[in-house]
Student: 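Here's a structure for you.
In each ligand, atom 1 is the first atom listed, and ligand 1 is the first ligand listed.
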Amino acid sequence: MRTGYISEIVGQTPLIKIKSLSEMTGCEIFGKAELLNPGGSVKDRAALGIINEAEEQGLLKIGDTIVEGTAGNTGIGLATIAAQRGYRCLIVMPNNQAQEKYDALNALGVDLLTVPPCPFSNENHFYHTAKRLATEGNDRFWANQFENTANFRIHYKTTGPELWEQAEGKIDAFISAVGTGGTIAGVSRFLKEKNSLIKVRMVDPFGSGLYSYIKTGQIAATGSSITEGIGIMRLTANFKEAIVDEAVQVSDQDMLSMLYHLAEKDGLLVGTSAALNVFASYQYAIEHKNSGKRILTILCDSGLRYQSKIFNPEFLKEKGLTRKPLT
Ligand code: PMP
């Protein structure tokens with residue numbers, strides 16, 4: 001059992017074999033349980049990597065304020081570590097995210113600013129707002145998870161090696177969605193260095209431009225998605241480090257069917273991006289039915305972080321989504 005401060009127990013998460021889907025496909029599907037990090041998501045790793053590198057470079061001193069624009073999880077990750085190390089946090093978020101994330105950030109004592117969602121080109125986008133606020137005072141540090149490559153480096157140093165070790169070097173495919181690109185970049189780089197035959201498949205929700213980018217070289221999107229923390233319309237410094245072989249797009253309905261399937265059949269309550277990741281892994285397994293291939297993905301956060309949305313029949317109805325079995 002591990003003992004230590006919050007920042008010392010980030011990572012080293014279990015790799016869960018998803019029994020129902022492995023049996024259904026004759027492959028082995030595993031999810032890395034990032035929802036078990038202290039802040040409840042994969043973004044605890046990025047937060048720790050960014051803070052550690054900033055400290056090493058002398059960019060942070062006790063009492064300073066860490067400023068970040070985030071869909072929520074990076075803010076929660078930063079706030080848990082900041083509370084322990086004596087920093088303050090100023091978090092800027094779009095105002096259409098799950099209430100649970102705002103509640104968690106308020107409980108963690110951060111200064112929270114919400115802004116209306118808007119295209120990246122608009123100067124009021126949460127990213128630009130955070131960047132601007134970070135320049136107002138020399139006791140502020142902008143975490144900048146999208147462009148700060150400390151993000152992908154921590155996944156290269158921790159998530160990749162953990163997966164390699166946990167899977168005992170037998171890995172056929174790695175499948176991941178993209179928010180900043182930190183996870184897919186760090187893991188794909190590490191795994192490809194170990195074995196260049198490992199396939200890396202990116203999964204995108206509708207409304208994100210990366211699927212089109214991988215397919216055609218042009219960033220373009222159609223539709224929208226209720227998933228949170230993933231999907232972007234630009235290439236980030238972190239995503240540019242990723243080695244991606246192929247891309248798929250998964251609908252919210254397939255994501256939701258998987259989310260409920262995992263809850264009911266496997267006792268796994270995961271969030272929307274994790275359900276998207278697992279659906280794409282299941283699709284990959286169906287394409288390689290009964291091959292015994294080992295497919296790894298990321299369980300980014302918990303379904304409980306979105307209960308006001310995904311366990312709320314009114315919300316689902318409004319979005320035209322229903323709880324129906326996997327197809
Ligand atoms: N899932 C969730 C729930 C997230 O919050 C994020 C990060 N915003 C991701 C997936 C994507 O991770 P990354 O930023 O490493 O691409």
Student: Between the side chain of Asp252 and the main-chain N/O of Ile226, is any donor-acceptor distance below 3.5 Å?
Tutor: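 Yes; at least one donor-acceptor contact below 3.5 Å.
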Student: Which residues pass the salt bridge (charged side-chain N to carboxylate O under 4.0 Å, His left out) test with Glu147, sequence neighbours left out?
Tutor: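 Glu147: no salt bridge (charged side-chain N to carboxylate O under 4.0 Å, His left out) contacts found.
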Student: Mark yes or no for whether Thr322, through its side chain, and Lys324, through its backbone, hold a donor-acceptor pair below 3.5 Å.
Tutor: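 Answer holds: no.
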Student: Would you confirm whether Thr149, through its side chain, and Phe152, through its main-chain N or O, come within 3.5 Å as a donor-acceptor pair?
Tutor: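 Checked: no pair found.
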Student: I need the contact residues for ligand 1: any residue with a non-hydrogen atom closer than 4.0 Å to the ligand, ordered by chain then number.
Tutor: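 Residues within 4.0 Å of ligand 1: Lys43, Asn73, Val178, Gly179, Thr180, Gly181, Gly182, Thr183, Glu228, Gly229, Ile230, Ser273, Cys300, Asp301, Tyr306.
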Student: Looking at Lys309 and Glu228, does any basic side-chain N land under 4.0 Å from a carboxylate oxygen?
Tutor: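 Result for this pair is yes, salt bridge flagged.
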Student: Give a yes or no on whether the backbone of Ala46 and the side-chain of Asn151 come within a donor-acceptor separation of less than 3.5 Å.
Tutor: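 Checking the backbone N and O of Ala46 against the side chain of Asn151, no donor-acceptor pair under 3.5 Å is found.
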